[in-house]
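Side chains included, hydrogens not; waters and symmetry mates left out as well; all remaining heavy atoms used. Small disclaimer: the values here were computed from a predicted structure and weren't measured. By convention here, the first residue in the shown sequence is residue 1.
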Amino acid sequence: MNISKLEYFLSVAKYKNFTKAAQSCHIAQPAISQQIISLEEQLGFLLIDRKAKEFCLTDAGKVFYQDTQKIINEFYSTVEKCKSISCNYYGNLTIGIVGWDENVYLNRLLYIFKKYYPNINIHFKRVSLNTVEEDLKNREYDCTITVPYDFRNKKGIGELHLVQYKVHALISMQNPLSQKNSVTREDLASECNIVFEPTGMEKNKTHLLSFYTSEGYIPKEIKSVSDRQILDILIGMNEGVAIVPEICKANSELGIIDVPICGPPHCVDLSIIFNSKIENDKLSYFLDIAKREQNNV
């Protein structure tokens, strides 16, 4: 069985549309339709219910879709692992750690990377956001994962967008707002807003403040801090609230909870930031894995 047919089917099932799937796979729409029919003939059962008014997989098609995703992922993992062994891929990749809970996404990405490249050593270095641009240009490390707004369109700096996270509020349990099931922008604007803003990182703050201005609100007070731990301490003391990506979890030991925000959603990007003149080929491998995972999201 041609593995391309399986990939075509996965794309059709993902987009629930033959035209979009064909565009994603860079083939003509009639061609992808014929490939799915050919796959069904080989399997001996239908994958798509063509009698339904809207796109719908058959019961067998739903099971086949779930299991085929695993098969394809394992197939490529095995191929890359064998390439790594046959090509004797060894070396080092150094990742800068900002300390803004990016490890939640990074851990999953590195787990997959090590499956493909088990002989590449991963090293970590604690970094400061306001020196990332200079550090990367001086090749102090290969890349970092962070909120990207202050690095976009910077000469010599590359970005690979990974994912968007909706924001939620970090609130002290001493604050009456913590008793609500959800809070509004109006609720939060009446509080002191604590913003994670390392020196020179004004665009991150501007993006976060657009959470309010897009709906016509202005926070009564803004307090900037350059360290996540300080932010948590201040919130725990009920000195203010913070609007952060959902990747940033509340520190319950400090009496902080995360509260959903109602109203129009506001999202924050997470990206890999790196020196655009890549000299370490291990970084290229890492970016390739990240791109593949991005397509699977």
Could you walk me through whether Ser128 and Asn130 satisfy the side chain to side chain donor-acceptor pair (under 3.5 Å) test, starting with their C-alpha distance in whole Å, then the side-chain angles of each, then the deciding distance to 0.1 Å, before giving a yes or no? CA-CA 6 Å; Ser128 174; Asn130 55 2; 2.4 Å; yes
Given Glu186 and Tyr217, is the side chain to side chain contact (heavy atoms under 4.5 Å, CB included) satisfied, shown in steps? CA-CA 7 Å; Glu186 185 176 7; Tyr217 295 101; 3.7 Å; yes
If you apply the rule salt bridge (charged side-chain N to carboxylate O under 4.0 Å, His left out), what do you find for Glu74 with Lys115, and how did you get there? CA-CA 10 Å; Glu74 285 300 319; Lys115 285 179 66 178; 3.4 Å; yes
Could you walk me through whether Thr184 and Asp187 satisfy the side chain to side chain donor-acceptor pair (under 3.5 Å) test, starting with their C-alpha distance in whole Å, then the side-chain angles of each, then the deciding distance to 0.1 Å, before giving a yes or no? CA-CA 5 Å; Thr184 65; Asp187 292 332; 3.1 Å; yes
Decide ring-ring contact (aromatic ring centres under 6.0 Å, His included) for Phe64 and Phe9; before the verdict, give the C-alpha distance in whole Å, the side-chain angles of both, and the deciding distance to 0.1 Å. CA-CA 10 Å; Phe64 191 76; Phe9 167 68; 5.5 Å; yes
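In summary, the side chains of Gln29 and Ser33 do present a donor paired with an acceptor at a separation below 3.5 Å, with no hydrogens or angles considered. With no hydrogens or angles considered, a side-chain donor-acceptor pair links Asn175 and Glu191 at under 3.5 Å. No hydrogens or angles considered: nothing links the side chains of Lys220 and Ser190 as a donor-acceptor pair under 3.5 Å.
Here the closest non-hydrogen pair linking Phe211 and Ser214 is O-OG, 3.4 Å.
Applying the side-chain hydrogen bond (donor to acceptor under 3.5 Å, both in side chains) test to residues at least two apart or on different chains, none of the pairs has a partner in residues 241-251.
You'll find the side chain of Asn138 reaches within 4.5 Å of the side chain of Glu134, heavy atoms only. Taking 4.5 Å as the limit, every side-chain heavy atom of Lys125 sits out of range of all side-chain heavy atoms of Ile97.
The pair Glu40-Arg50 counts as a salt bridge, with a side-chain nitrogen and a carboxylate oxygen less than 4.0 angstrom apart. Between Asp288 and Arg292 there is no salt bridge, since no side-chain N of the basic residue sits under 4.0 Å from a carboxylate O of the acidic one.
By the criterion of side-chain heavy atoms lying less than 4.5 angstrom apart, applied directly or through intervening Ile, Leu, Val, Met, Phe, Trp or Tyr residues, Leu6 is not grouped with Ile37; the two fall into different hydrophobic clusters. Ile261 and Ile218 fall into different hydrophobic clusters, where Ile, Leu, Val, Met, Phe, Trp and Tyr side chains are chained together by heavy-atom contacts under 4.5 Å.
Remark: of the listed residues Thr144, Thr146, Leu109, Leu109 is the sole one forming a side chain to side chain contact (heavy atoms under 4.5 Å, CB included) with Ile272. Screening Leu254, Val244, Val259 for a side chain to side chain contact (heavy atoms under 4.5 Å, CB included) with Leu170, the sole residue that qualifies is Val244.
Counting only distance, with no hydrogens or angles, the side chain of Asn280 and the backbone of Asn92 share a donor-acceptor pair below 3.5 Å. Side chain of Thr94 to backbone of Tyr141: no donor-acceptor contact under 3.5 angstrom is found. Remark: the backbone N or O of Tyr149 is not paired with any side-chain donor or acceptor of Asp269 at under 3.5 angstrom. At least one donor-acceptor pair closer than 3.5 Å links the side chain of Asp227 to the backbone N or O of Ile230.
Here CG of Leu10 is found 8.5 Å from CG of Asn73. Values are rounded to the nearest 0.5 Å. Note that CG of Asp142 and CD1 of Ile273 are 14.0 Å apart. Values are rounded to the nearest 0.5 Å. Distance OH/Tyr285 to NZ/Lys282: 5.5 Å, rounded to 0.5 Å.
For the pair Arg108 and Phe113, the cation-pi criterion (under 6.0 Å, within 45° of the ring axis) is not fulfilled.
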